Protein chains: 2
Amino acid sequence: MLEQAVSNLISDDATLSRKQLAMRDRESELLLIACSIVEREGFAQLNMDKLAAASSYSKGTIYNHFNSKEDLFAALAIQALSKKIPLFKSALDFEGSSREKLIAMHAGMHLFSKLSPILAMCALVSRTPAVTEKSAPERLEKLNTLEDLVVSFGDKFIELGQSSGDITLAPGITSDSIVFANWAMAFGTSSLVNNATQSSCVSRQHDTNIVLQNLNFLLDGMRWMPLSCDFDYQKTWDRAEKDLFGEEVALIENQS
Amino acid sequence: MLEQAVSNLISDDATLSRKQLAMRDRESELLLIACSIVEREGFAQLNMDKLAAASSYSKGTIYNHFNSKEDLFAALAIQALSKKIPLFKSALDFEGSSREKLIAMHAGMHLFSKLSPILAMCALVSRTPAVTEKSAPERLEKLNTLEDLVVSFGDKFIELGQSSGDITLAPGITSDSIVFANWAMAFGTSSLVNNATQSSCVSRQHDTNIVLQNLNFLLDGMRWMPLSCDFDYQKTWDRAEKDLFGEEVALIENQS
DNA sequence: ACCTGAACACCGTTCAAGT
DNA sequence: ACCTGAACACCGTTCAAGT
């Protein structure tokens with residue numbers, strides 16, 4: 001059921017005509033160019049003129065794909081979310097306890113935001129009213145559908161935790177509460193890590209894994225076993241990075 | 001020392017000339033008008049032309065205050081932060097345990113974001129590269145200074161917790177870690193509550209206090225005593241709302 | 001010294017003409 | 001049917017002229 005939702009949303013090559021496929025390819029191409037402009041010159045410097053100039057298409061064609069600049073941002077956010085789905089799937093198959101799987105998922109998300117900071121940022125920016133107010137309703141709907149899909153993947157982790165007895169929901173606490181708390185913590189932590197770097201309480205802890213630290217506080221508070229005092233989740237984190245992003249991590253390490 | 005930092009930043013009437021005071025008043029006036037435009041027509045509709053037209057000043061004068069549109073957003077974010085400082089002070093004096101004081105602070109922050117959603121949103125938007133890339137360096141510096149001030153207020157809560165024995169820092173955990181985790185959770189939770197309202201796991205829990213729920217997960221995980229299973233923090237929350245915002249809450253309740 | 005608003009430039013968006 | 005880019009409009013920003 002989930003699998004079907006994924007294939008409907010992500011890759012449905014068989015049911016698309018050649019023209020539609022070409023359209024989709026061109027859209028990916030444009031999104032790639034948009035990313036590279038943002039990477040090189042910053043968010044404020046991305047505009048439709050530059051995108052047209054940097055691509056081999058005219059402004060009119062660009063507007064055939066994105067009905068406004070904000071719509072373009074939303075499209076980038078959708079791409080970011082789409083790329084995250086496979087990470088959720090891999091994390092569910094990650095070798096280890098339910099809490100280890102969940103941590104693998106967060107490690108994947110965090111690494112994604114380090115490897116594709118621009119795409120990750122788009123997910124933030126696209127949640128901003130300046131964007132939602134002007135992007136196409138269909139695009140926003142797709143973004144919401146994808147987000148709901150991610151939430152249902154989140155549910156799977158909770159189910160695993162419950163069936164293995166690693167977590168028991170206290171009265172008044174629903175599966176949604178747990179998913180939401182994880183989402184809020186991940187969103188808040190990476191927003192601040194990416195954008196509040198000048199703040200003392202962020203910059204002072206460069207050597208510690210503050211993302212894992214925050215996550216351990218949260219999961220310990222939910223009493224998701226084993227607790228962080230009884231298990232070395234940093235090892236899980238490292239292993240997850242290797243498993244989910246082996247090649248990419250090696251690349252980063254070679255650069256520095 | 002903190003008191004001095006606050007008075008330096010917030011209200012220094014005595015050392016300002018009459019002209020500077022008038023300038024500051026006009027800036028407040030402009031910010032108020034900017035807020036009302038955003039409230040009425042949305043973020044995308046706020047522009048310098050409209051601000052000039054809605055005020056009694058010309059575009060040139062507006063640019064005397066804000067050297068770009070983004071700078072205006074940053075100024076709104078500074079105003080938002082300034083308004084939060086007194087809440088931090090009141091929460092520190094709140095009657096109750098160290099954890100209750102902390103919860104009072106979060107209740108204040110959350111209520112603030114309900115009472116002044118636009119200002120609260122500016123704090124989010126101003127952390128976005130589109131804004132930081134174009135706003136005035138001096139403005140950003142002031143924003144950072146204010147943020148550091150808020151962090152040092154955060155530290156005070158931790159100090160209270162430690163001196164009363166309500167919380168003990170595990171090895172490797174610093175006061176900064178605790179402040180950051182609180183900040184990340186509060187930021188993430190209110191961003192999502194305000195902007196992901198269509199998402200199932202947010203909308204489905206309208207009757208529960210998801211902000212307090214997330215906070216209790218976190219503080220329980222830090223083992224900040226007493227734990228949420230031993231104490232009714234919802235009562236603390238309600239009491240804090242009355243204490244910190246008595247009149248405003250009454251106003252909201254009368255409206256609905 | 002500061003305020004003004006016309007003028008300019010940039011860029012988002014559209015659409016008549018072309019293929 | 002789709003692509004093009006000139007044309008338009010909106011709005012951010014500046015600055016010569018006014019007080």
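Protein chains get the first letters and strands the later ones, always in sequence-line order, with residue 1 at the start of each. Please read these numbers as outputs of a predicted model, since none were measured by experiment.
Atom CE of M48(A) is separated from atom P of dT14(C) by 10 Å (rounded to the nearest Å). In this structure, Y57(A) atom OH and dC2(D) atom P are separated by 15 Å, rounded to whole Å. Atom CZ in F73(A) sits roughly 13 Å away from atom C1' in dG12(C) (whole-Å rounding). Between the CG atom of N47(B) and the P atom of dC11(C) there is a distance of 17 Å, given to the nearest Å. Rounded to a whole Å, the CZ atom of F66(A) is 17 Å from the C1' atom of dC11(C). Here the C1' atom of nucleotide dG12(C) and the CG atom of L51(A) are 13 Å apart, to the nearest Å. Straight-line distance from the CG atom of D49(A) to the P atom of dT4(D): 15 Å, rounded to whole Å. Rounded to an integer number of Å, the gap from CG of L46(B) to P of dC11(D) is 11 Å.
Q205(B) places a side-chain N or O within 3.5 Å of a backbone atom of C201(B) that can act as its donor or acceptor partner.
Contact check, K69(A) against dC10(C): no side-chain N or O comes under 4.0 Å of OP1 or OP2. The shortest distance between the side-chain N/O atoms of N64(A) and the OP1/OP2 oxygens of dC3(D) is below 4.0 Å. Between R26(B) and dC3(C), a side-chain N or O to OP1/OP2 separation shorter than 4.0 Å is present. A sub-4.0 Å separation between OP1 or OP2 of dT13(D) and a side-chain N or O of K134(B) is present. In this structure, S68(A) does not reach the dG12(C) phosphate: none of its side-chain N or O atoms is under 4.0 Å from OP1 or OP2.
Pair assignment for dT14(D): dA6(C), on the basis of Watson-Crick or G-U wobble contacts that are both within less than 3.5 Å. Across the strands present, dA1(C) finds its partner in dT19(D); the criterion is a Watson-Crick or G-U wobble pair with both atom distances under 3.5 angstrom.
Using a 30° and 60° split on the angle between ring planes, F187(A) and F187(B) fall in the parallel class, below 30°.
Between R139(A) and E27(A) there is a salt bridge, with a side-chain nitrogen of the basic residue lying less than 4.0 Å from a carboxylate oxygen of the acidic one.
At a cut-off of 3.5 Å, with distance as the only test, no side-chain donor of E29(A) or S55(A) sits close to an acceptor on the other residue.
Nearest nucleotide to the K59(A) side chain, out of dA6(D), dC2(D), dG12(D): dA6(D). Taking the side chain of T61(A) as heavy atoms from C-beta on, and the options dG12(C), dG12(D), dT4(D), the nearest nucleotide is dT4(D).
Nearest-nucleotide assignment on DNA chain C puts the 5′-proximal partner with Q45(A), out of G60(A) and Q45(A).
Between F73(B) and F66(B), the distance separating the two ring centers is not shorter than 6.0 angstrom.
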